[in-house]
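Please read the structure below before turning to the comments.
All figures in this text were calculated on a predicted structure; none of them were measured in a lab.
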Amino acid sequence: MRITGIETTKKGRYALMIDGEFAFSVHRDTFLTTPGLQTGAELTPGQLETLRREDEQRSARESALDYLSAAEQTTGTLRQKLLRRYGEQAVEAALTRMQELGLLDDLDYSRRYAADAVNLKGYPRRRIARELQKKGVPQQVIEEVLAGISPESETETACRLLQKQYAEKLGDRREREKAMAALYRRGFSQETIQAAMRRLPIQQPEPEETGDAGEQILELIRKKYLKNLTDRKGIEKTVAALYRRGYPPEEIRAGIRRILEEQPQGLQEEMYRDD
């Protein structure tokens, strides 16, 4: 195979014509550092493929540096960006080189991201894990990062959010319920939310002003939630809704069992499979 022509492209690369046909273009540095790369030179198929592969790896490394200079990346996000333009082998070689240079460190990135997410955004552990997963961070790295966030610090984060965003409204029971629901949507567990509410200097919500809690639960289920008790998802929605009202989970489930015992056998079995 003979190089029959070399042309400069608009992007400053060198297009190689092999036996009268365009083969591929190479980076300027590749062209200048490859001995014998000139018109009339003979190349074997193996030499030509090695040249193409090495040039692709060089281009992938340069693109990786460009992405990293523009914004910090995780290995996962950088891999996806590079795969849009380069083959897997060139991409993995570029990622390895970036790691060797200390420009890619998923653990360091994730720790700093988690610290900012807790302190600046008030994210709980579950939200942080979800965001890191989106960024392609390996699960073992995520678990190591989350291990540094204690349940105590997560409760403090929930307290801080309640005091900052809902302090003036927490004297009203319905507003407290809305605040608890908002924290739940942010990713806080119900246990953490309850712990945070207990720490605040406010009167805690009572299940209802008068009457037995068990009877109140039954009345609420029959009045508002009976239509939910047709499948497992609906049952869990009912449990969560009553829990946010301040009722203990065990009493809620006991009430749901009583209601289901009045229903066809299939619904009873659905509830018992949840336990």
Quiz prompt | Considering all heavy atoms, the nearest Pro124-Gly187 contact | solution = CG-C, 3.4 Å
Exercise. Check whether Leu83 and Leu104 end up in the same hydrophobic cluster, where Ile, Leu, Val, Met, Phe, Trp and Tyr are linked by side-chain heavy atoms less than 4.5 Å apart.
Key: yes
Quiz item: Going through the distances and angles, do Thr155 and Arg199 end up as a side-chain hydrogen bond (donor to acceptor under 3.5 Å, both in side chains)?
Solution: CA-CA 9 Å; Thr155 300; Arg199 292 189 183 187; 4.9 Å; no
Quiz item: Can you tell me how far OG of Ser110 sits from NZ of Lys135, rounded to the nearest 0.5 angstrom?
Solution: 9.5 Å
Practice problem: Decide whether Leu103 and Leu95 are clustered together by the hydrophobic rule: side chain heavy atoms of Ile, Leu, Val, Met, Phe, Trp, Tyr closer than 4.5 Å, transitively. | Solution: yes
Quiz item: Within a strict 4.5 Å, meaning less than it, do heavy atoms of the Leu183 and Thr192 side chains meet?
Solution: no
Practice problem: Give a yes or no on whether Val141 and Tyr123 share a hydrophobic cluster (residues Ile, Leu, Val, Met, Phe, Trp, Tyr; joining criterion: side-chain heavy atoms under 4.5 Å apart). | Solution: yes
Practice problem: Give a yes or no on whether a salt bridge exists between Asp116 and Arg112, defined as a side-chain N under 4.0 angstrom from a carboxylate O. | Solution: no
Quiz item: Quick one: CZ on Arg52 to OG1 on Thr30, what's the gap to the nearest 0.5 Å?
Solution: 12.0 Å
Practice problem: May I ask you to check whether over 12 heavy atoms, not counting those of Glu62, lie within 6.0 Å of atom CD? | Solution: yes
Quiz item: Taking all atoms of both residues into account, what is the closest heavy-atom pair of Arg186 and Gly122, and its distance?
Solution: NH2-O, 3.6 Å
Self-check item: Test item: Thr4 and Ile18 side chains (from C-beta on) under 4.5 Å apart, heavy atoms
Solution: no
Exercise. Give a yes or no on whether Gln139 atom CD has more than 12 heavy-atom contacts from other residues, nucleotides or ligands under 6.0 Å away.
Key: yes
Practice problem: Locate the shortest heavy-atom distance separating Ile252 from Ile217; write the atom from each residue and the value. | Solution: N-CD1, 3.9 Å
Quiz item: Looking only at heavy atoms, what is the nearest atom pair of Arg85 and Ser63, with distance?
Solution: NH1-OG, 3.2 Å
Exercise. Inspect the surroundings of CD in Glu49 and state if more than 12 heavy atoms from other residues, nucleotides or ligands are less than 6.0 Å away.
Key: yes
Quiz item: Is there side-chain contact between Leu242 and Tyr225, with heavy atoms separated by less than 4.5 Å?
Solution: yes
Practice problem: Decide yes or no on side-chain contact (heavy atoms from CB on, under 4.5 Å) for Arg84 and Lys81, but give the supporting numbers first. | Solution: CA-CA 6 Å; Arg84 297 169 189 166; Lys81 290 176 181 179; 4.1 Å; yes
Quiz item: Do Leu82 and Tyr67 come close enough that some side-chain heavy atom pair is under 4.5 Å?
Solution: yes
Quiz prompt | Side chain to side chain, Ile221 and Arg258, heavy atoms closer than 4.5 Å | solution = no
Quiz item: Do the non-hydrogen side-chain atoms of Met180 and Tyr243 ever get within less than 4.5 Å of each other?
Solution: no
Quiz item: If you round to the nearest 0.5 Å, how far is OH of Tyr14 from OG1 of Thr8?
Solution: 5.0 Å
Self-check item: Interatomic distance, Leu161 atom CG to Gln163 atom CD [nearest 0.5 angstrom]
Solution: 9.5 Å
Quiz item: Would a hydrophobic clustering, with Ile, Leu, Val, Met, Phe, Trp and Tyr connected at side-chain separations under 4.5 Å, put Leu78 with Leu101?
Solution: yes
Quiz prompt | Check: Phe188 and Thr157 side chains under 4.5 Å, non-hydrogen atoms | solution = yes
Self-check item: salt_bridge(Arg253, Glu236) N-O dist < 4.0 Å
Solution: yes
Exercise. Output yes when a side-chain donor or acceptor of Glu56 lies under 3.5 Å from a complementary backbone atom of Tyr86, and no otherwise.
Key: no
Exercise. Quick one: name the residues clustered hydrophobically with Phe22, using the 4.5 Å side-chain heavy-atom rule over I, L, V, M, F, W, Y, and just say none if it's on its own.
Key: Met17
Quiz item: Hey, are Glu131 and Lys134 close enough for a salt bridge, meaning a charged N less than 4.0 Å from a carboxylate O?
Solution: yes
Quiz item: Is there a path from Leu220 to Leu229 through hydrophobic residues (I, L, V, M, F, W, Y) whose side chains come within less than 4.5 Å of each other?
Solution: yes
Practice problem: Kindly give the heavy-atom pair with the smallest separation between Ala196 and Ala158, and that separation in Å. | Solution: CB-CB, 3.7 Å
Self-check item: Nearest-0.5 Å distance that lies between atom CD in Glu92 and atom OG1 in Thr96
Solution: 6.5 Å
Exercise. Identify the heavy atoms of Gly234 and Asp231 that sit nearest to each other, and give their distance.
Key: N-OD1, 2.7 Å
Quiz item: Taking side chain as C-beta onward, heavy atoms only, is Gln73 less than 4.5 Å from Met98?
Solution: no
Self-check item: Rounded distance [0.5 Å steps], CZ in Arg160 versus CD in Glu156
Solution: 8.0 Å
